[in-house]
Amino acid sequence: MARYNPKEIEPKWRERWNAADAFKTRVDRDRPKYYVLEMFPYPSGRIHMGHVRNYAMGDVIARFKRARGFNVLHTMGWDAFGLPAENAAMQTGAHPGEWTYSNIDHMRRELKQIGLAIDWSREFATCDLGYYRWQQRLFLDFWNAGLVERRESYVNWDPVDLTVLANEQVVDGRGWRSGAVVERKKLSQWFLKITDHAEDLLAALDDGRLKGWPDNVRLMQRNWIGKSKGLRMQFRFYGGTKSPDGAEAIEVYTTRPDTLFGASFLAVAPDHPLAAAYAAKSKEAAAFVEECRKSGASQEAIDKAEKRGFKLPVEVEHPFIGDRRLPVYIANFILMGYGTGAIFGCPGHDARDFEFAKKYRLDIIPVVLPFGADAGEFSVDQESYVGPGSLFNSDFLDGLTVEAAIEKAIEKIEGLGIGRAATQFRLRDWGVSRQRFWGCPIPAIHCEKCGVVPVPAKDLPVELPHVDAAVFKTPGNPLDRMPEWRNVPCPECSGAAKRETDTFDTFVDSSWYFARFATDPAKWPSGPVDKGDCDYWMPVDQYIGGIEHAILHLLYARFFTRAMKKAGHVSMEEPFANLFTQGMVTHATYKDEAGNWVLPDDVIVEGGKARMAGDGAPVTIGSIEKMSKSKKNVVSPIDIIEKYGADAARWFILSDSPPERDVEWTDAGAAGAWKLVARIWETVEPCADVLTSHDGDEAPANANVELRRATHATVAAVTDDIEHFRFNRAIARIYEFLNAFKKARESDEWSRAEALSALIRLIAPFTPHLAEECWERLGGTGLVCSAPWPEADAALLRKDEVTLPVQVNGKRRAEISVAADADKAAIEARALGDAGILRHLEGLTVRKVVVVPGRIVNIVAN
RNA sequence: GCGGGCGUGGCGGAACCGGUAGACGCAACGGACUUAAAAUCCGUCGGCAGAAAUGCCGUGGGGGUUCAAAUCCCCCCGCCCGCACCA
C-alpha cells in the first residue's frame with residue numbers, strides 16, 4: 001500500500017484547483033451569496049501560526065458554504081502601508097516599496113501552501129497606487145460631505161527621530177527607538193468626524209443590526225463610545241469679576257446635577273484656557289501647569305499621581321445659594337479632552353473630589369442619603385457615597401431620588417438660562433494624520449493665500465515619490481525634504497503652494513478594503529468601489545479576526561462605511577453582519593541554563609523534562625504563552641507543512657480548542673493530526689471506485705442500518721457544528737464516525753460507500769487536499785471542492801428504541817430500553833419492573849415518579 | 001477601582017433549554033506484530049474500597065432552589081481579558 005505523501009499530493013491538487021479556476025467568483029443572482037472574510041495580513045514576509053488558524057477557519061466556512069450551494073466570495077490582500085517598512089529601510093537600506101512587495105511575494109507563496117479556497121484574482125495591496133488613489137478620492141468626498149476637519153491637537157513628539165509616536169510607542173515617557181523624552185507638541189492635524197456618527201454607531205450595537213457580533217466586542221465598543229447624559233452649566237465669577245482673558249463664567253459638564261448643593265469647589269484642566277490665562281500672569285500658576293504637562297505620560301504615572309491643585313485668585317457664585325462662593329483650582333486630574341475641561345466638585349459623592357477635598361481641607365457636604373439611612377447619623381468622613389438614595393440638605397431637591405433630582409436640577413438651571421442638558425461622548429474624532437512616508441498621501445495643498453485646499457479630483461492621484469532608500473537615514477519624514485514633490489501651484493490661485501506631507505493612518509487603509517474586494521476587479525480602474533457589486537456582496541456575512549481589533553479597526557470600518565454611504569458610494573451602513581474573534585496560538589516557553597529563551601525546535605522534551613537537542617544541556621520549561629519572536633516560542637507553519645503537510649496543520653489547529661479560545665500548539669498534537677490524515681487514506685485506499693459502482697442507487701435490502709444511522713447522524717452533527725463555529729466538536733464527531741466505520745468493517749459495500757462518500761465531503765473543508773485525493777480514489781464525480789454537501793436523511797436520524805437512565809432519588813441505578821414513542825405510563829411501568837431498580841427500592845415506598853420521555857426517569861422513594 | 005468572562009481527569013476539552021459528568025483527542029499503561037525500535041493494531045485509563053459484582057466520593061470552596069445542578073441563585077477563593085481620574 002502506498003503511503004500517503006502530502007509533499008506530492010498537496011501541490012498537485014492546488015494546481016488542479018488553479019487550472020479549473022475553482023474559486024473564481026462572479027456575481028450570480030441565482031444563488032444566495034456568502035461573503036467570508038478574514039482580517040487581511042500585514043506583509044511581514046512570513047506567515048505564522050496565528051495566520052494558519054485565522055485563515056483555516058475562514059477556509060472551512062468558505063468551502064462549507066460553497067458545498068451548501070452558496071456563491072462564496074473569499075479573498076486575500078495585504079495591509080501593506082506602515083512603519084515596519086520604514087524601519088527596514090533605516091536598518092537595511094531597502095526601499096520601503098521594494099521591501100514590502102518582496103515580502104508580499106514571499107508571503108503569498110507561503111500562504112498558498114495552506115491550500116485556501118481563495119479568489120486570487122481580487123488580490124491587492126493597500127500600497128498599490130490603484131488602491132490608494134481611490135482612498136484619496138474617498139477623502140475628498142468625505143471632505144465635501146463635511147466629515148473632514150483640520151484641528152490642532154497634542155501629539156507625542158520624539159525630538160530625536162523627529163516623528164510623532166503612537167501611544168504604544170511611548171515607553172515610560174520615552175520614545176521606544178530613540179529613548180528620548182517624549183514631548184507633547186501641538187500640531188495641526190487632519191480629523192475624520194467619527195463623533196458625528198457616535199449616536200448611530202452606539203445605537204446599532206443594541207438595536208439588532210449587530211446581533212451577529214459577540215457580546216464582549218459590542219460591550220467594548222459601547223464603553224469606548226462612552227455616552228453620558230448630563231448638564232453643561234455656567235458658574236459666574238463672584239460679583240461680576242472677569243478672568244484675565246475676559247471670561248465672565250466657567251462652563252462645566254456634570255452627570256450629577258443633583259449634587260449641586262454639595263458643591264464645594266470648581267476645577268479646570270491644566271490645558272484649560274482659564275489656566276493658560278492665569279499662567280500668563282503668574283509664575284506659580286505657569287509652573288504648576290508645566291509640571292502637570294510633564295507628568296502623566298505613562299499609565300503608571302496616572303495611577304500613582306496624587307491629586308493636586310493650584311488655587312486661583314477667583315471665586316464663583318453658587319447658582320442656587322446666594323451667599324455661597326466656591327474656590328477655583330487648576331487640577332491635575334481634570335481632562336481637557338472630556339466635557340468642557342472643567343468640573344464642579346462634590347466631595348461627598350465623588351471619590352476623586354473627595355480625595356481632593358481631603359487634601360485641601362474643603363467642605364464635604366453630604367446631599368444624598370442612602371435609602372433607609374438616618375440623616376442625623378449618616379456621614380461621609382471615610383469615603384464618598386456614590387450609590388442611590390434620596391436628596392437632603394438640598395432645598396428644593398430634598399426628598400427626591402437621585403434620578404428625579406437630576407431632572408429637576410436640569411430643569412431649574414435651564415430655567416435660569418445658565419445651562420442646558422447635554423449628551424457627552426468619550427469617543428473623540430479620529431486623527432488620521434501621520435508624519436510618515438510609507439502611507440497614503442493626504443490629498444491637500446497648503447497655500448498662503450487660499451489656506452488649505454483639496455487636491456482637485458482631476459489631479460489625483462497624489463503619488464508617493466520614488467525615493468532613494470538613503471533618505472531614510474535622516475530622521476523625520478522624507479516628504480518634508482523633497483521640494484520637487486512638495487512645491488506645487490495652488491489649484492485655486494495658481495500661486496506657489498506646498499503639498500501636505502502627512503500620510504494617512506493605516507487604519508484608514510483597512511476601513512474600506514472589504515468593499516474593494518467585493519468590487520469586480522474589472523471595475524477597479526473606474527472608482528473606489530462599485531455600488532452594484534457591493535449591493536450584491538455586502539455586508540460581509542462572516543468576518544473573522546483577532547480580538548485585538550475589537551475596538552479601533554472595527555469601529556473605524558463601521559464609521560467609514562457610514563461615511564461612504566453618505567458620500568453615495570454604497571448603500572449599506574454596517575459592513576460586518578457576523579463577527580467571530582478567534583483566540584491566539586500559544587506554545588510552551590523554554591530557557592537554557594543561562595536564562596536565554598530557546599526555540600522549541602532546539603529542544604527535546606521527554607517525560608516532562610526538556611534538554612537541548614544538540615548537547616543535551618538542561619532546559620527549563622516555562623509558562624505557555626502567545627507565540628512571539630521575543631520569547632522564541634514559535635513554530636514555523638512552513639516547517640510543519642514540510643513535515644506533516646498543510647492538511648495536518650489545518651486539522652490540528654482547529655481540533656484541540658474551541659475557536660474563540662487560545663490553542664496550545666504541541667508537537668504531539670500535530671503528529672496526532674498527521675496520524676489522522678494517514679488513517680483516513682488507509683481507510684479509503686482499498687475502496688477504489690466504490691462511488692462509481694454505487695453512486696445514486698437505492699439502499700439494498702442488506703444495507704447495514706447501524707452504519708447508515710451513524711453516517712447520517714454524523715452528517716447532521718458536523719453540519720450543525722460548522723454552522724456554529726464549533727470546529728473542535730465537528731472534528732470529534734468525525735473521529736467518532738471513523739471509529740464506528742472501523743467497527744462496521746464487515747458491512748455491505750453499499751453502506752460503506754455511502755459512509756465514505758459522506759466522510760470525505762465532511763472532511764473536505766478541513767483537509768481539502770486529502771479529501772480530493774480520497775474522492776478521486778473512490779471514484780467521485782469532479783472535484784470534491786465543488787461537490788454538494790451531504791444531506792442527512794431524517795428517517796435515519798429517528799430512533800425506534802431509546803435507552804433511558806433510571807434514577808432512584810437522583811442517583812442513576814439502571815438503564816432501560818423502551819420504544820421511542822412509548823408513553824409515560826409504559827416507561828414508568830418498565831422502570832418500576834426493572835430488577836436492578838427493585839433491588840434499590842427494597843424497604844422504600846415510592847412517593848413520586850418523574851418521567852421525561854426521551855431523557856430520564858427518576859423515582860422518588862423513602 | 002469599574003466592566004466582562006472563566007474555573008470539569010495527568011493535559012486540551014465535551015455535556016444542546018436543569019435530565020446517564022468526563023464524548024473526542026493527547027499523554028500514560030498493558031498486550032499483539034517485530035531480532036529490536038519506530039509505525040500500526042487490540043485493550044485499560046476521574047478518585048477511594050473491592051478478586052469481581054458493586055458501592056461511596058467527585059465539575060475551585062461553602063450554602064441554597066429542585067424529583068434532579070457542571071448548568072439556576074447567594075457568599076467566598078483563584079485566574080484571564082477590556083477600560084482606566086471620562087466628572
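All chains are named by letter (A, B, ...) in the order of the sequence lines, taking the proteins before the strands, and each is independently numbered beginning at 1.
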Expected list for residues 849-862 of chain A near RNA chain B, using heavy atoms below 4.0 Å, is A:Val850, A:Val852, A:Arg855, A:Ile856, A:Asn858, A:Val860
Pull out every protein N or O sitting under 3.5 Å from an N or O of nucleotides 23-27 of chain B, one pair per line with the distance.
from  : atom 1 : to       : atom 2 : distance (Å)
B:A23 : O2'    : A:Glu736 : OE2    : 2.9

Item to check | Lys/Arg-Asp/Glu bridge criterion (N-O < 4.0 Å) met for A:Asp720, A:Arg726 | outcome: yes
Can you find a pair of side-chain heavy atoms, one from A:Val635 and one from A:His587, that are under 4.5 Å apart?
yes
Walking RNA chain B from its 5' end, the first of A:Tyr253 and A:Asn216 to be reached, judged by nearest nucleotide, is A:Asn216
Those residues at least two apart in sequence (or on a different chain) that pass ring-ring contact (aromatic ring centres under 6.0 Å, His included) with A:Tyr360 are A:Tyr329, A:Phe356
Would you say A:Arg661 reaches B:A14's phosphate, i.e. side-chain N/O to OP1/OP2 under 4.0 Å? yes
I'd like to know if A:Arg222 pairs up with A:Asp206 as an ion pair, taking the criterion as any Lys NZ or Arg NE/NH1/NH2 lying under 4.0 Å from an Asp or Glu carboxylate oxygen. yes
Sorted by chain and residue number, the ring-ring contact (aromatic ring centres under 6.0 Å, His included) partners of A:Phe727 (sequence neighbours excluded) come out as A:Phe725
By nearest-nucleotide position on RNA chain B, the 5'-leaning member of A:Gly339 and A:Asn809 is A:Asn809
Taken in chain and number order and not counting sequence neighbours, the residues that satisfy salt bridge (Lys or Arg N to Asp or Glu O under 4.0 Å) with A:Lys7 are A:Glu642
Listed range with range, the stems formed with RNA chain B by at least 3 consecutive Watson-Crick or G-U pairs (under 3.5 Å) are B:1-7 with B:77-83, B:10-12 with B:24-26, B:28-32 with B:40-44, B:46-49 with B:54-57, B:60-64 with B:72-76
One thing to verify: whether A:Arg709 and A:Glu706 come together as a salt bridge, which I'm taking to mean a side-chain N less than 4.0 angstrom from a carboxylate O. no
